[in-house]
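Report on the following structure.
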Amino acid sequence: MEIRFMSIGSGSCGNCYYLGVGDYGILIDAGIPSKTIRNALKKEGIAFESICAVFVTHDHADHIKSLGVISAKANIPVYATREVHKGITQNYCTTKLIEPMYVRYVEKEETVTFRDFSITPFEVPHDGSDNVGYFIEVGEKRFCIATDLGEITETVASYVEKANYLVIESNYEEQMLAMGRYPEFLKVRVSGPRGHLSNQVTARYLAANFNEHLKNIWLCHLSEENNHPELAYKAVAMEMGRYGIIPGKDVELTVLKRTTPSRLFVL
Ligand SMILES: [Zn+2]
Ligand SMILES: [Zn+2]
């Protein structure tokens with residue numbers, strides 16, 4: 001069974017990822033306007049109405065802003081942990097609350113079967129009310145998304161290492177953050193164990209733990225202030241090169257743009 005993947009937005013301006021199977025699909029996070037999502041899908045010939053559910057990683061504004069609007073417009077359920085749902089209702093950035101009829105709860109490490117998708121949320125260390133990554137199986141294909149996390153914990157690694165297709169955060173270039181204009185408290189937050197992954201940490205992890213069953217890596221959630229797509233790509237490609245792994249040959253490596261949708265990947 002083919003999986004179709006597209007990043008519609010990735011980074012602090014708003015996150016939204018599409019995963020499609022057959023004639024329907026799901027979204028992971030909805031931190032960008034529903035109109036942007038609709039238009040991006042339409043360009044690939046996908047109807048907004050074919051979205052059947054949204055799964056939420058955590059309750060930061062860049063991941064949740066449009067949930068209420070989208071769930072009402074597309075008439076779809078929103079899956080998140082109890083704490084994340086609670087956080088969403090208290091977040092001032094939420095433009096419209098999610099109607100109770102669309103609220104669905106997930107538990108970490110408990111697989112939800114949603115039509116062809118088997119979806120397992122797992123704990124990631126970050127400073128939202130609660131924070132998860134998703135491990136998603138469709139038939140034999142294993143897709144994993146780990147965004148907004150300060151560290152690659154053992155739990156995170158146990159899911160990441162099983163993936164054929166991996167979306168992983170590469171938020172900031174360490175030197176840019178250190179030398180940049182962020183106030184000290186923000187530098188500490190971003191680089192802390194409940195903040196974000198740097199290019200360097202992601203690169204070292206990916207290179208040292210490379211698996212031959214890993215086919216695609218997408219670097220996500222790049223900082224506007226403290227990163228450049230070329231730097232993120234270079235950091236990962238160089239570190240992999242040390243282990244004899246060549247992006248483009250041994251694995252596909254793509255940097256996801258912050259505000260421009262990616263192409264539709266058919267996996
Ligand atoms: Zn975020
Ligand atoms: Zn976050």
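Atoms within a ligand are numbered from 1 in the order they appear, just like the ligands themselves.
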His221 atom NE2 and Asp62 atom OD2 as seen from the Zn ion (ligand 1), angle to 10 degrees: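 Vertex at the Zn ion (ligand 1): approximately 90°.
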Asp148 and His63: side chain donor to acceptor below 3.5 Å: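 Looking only at side-chain atoms, His63 and Asp148 do form a donor-acceptor pair, the distance falling under 3.5 Å.
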Donor on one side chain, acceptor on other, Asp127 and His58, under 3.5 Å: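 Absent: no donor and acceptor within the cut-off.
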Apex the Zn ion (ligand 2) - arms OD2 from Asp148 and NE2 from His126 - angle rounded to 10°: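 Between OD2 of Asp148 and NE2 of His126, at the Zn ion (ligand 2), the angle is about 100°.
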Could you tell me if the ring centre of Trp218 sits under 6.0 Å from that of Phe5?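 Yes, the ring centres sit under 6.0 Å apart.
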Suppose we call two aromatic rings close when their centres sit under 6.0 Å apart. Are His196 and Tyr172 close by that rule?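 So the answer is no for these two rings.
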Give the name of the N/O/S atom in His60 that lies closest to the Zn ion (ligand 2).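 In His60, the heteroatom (N, O or S) nearest the Zn ion (ligand 2) is ND1.
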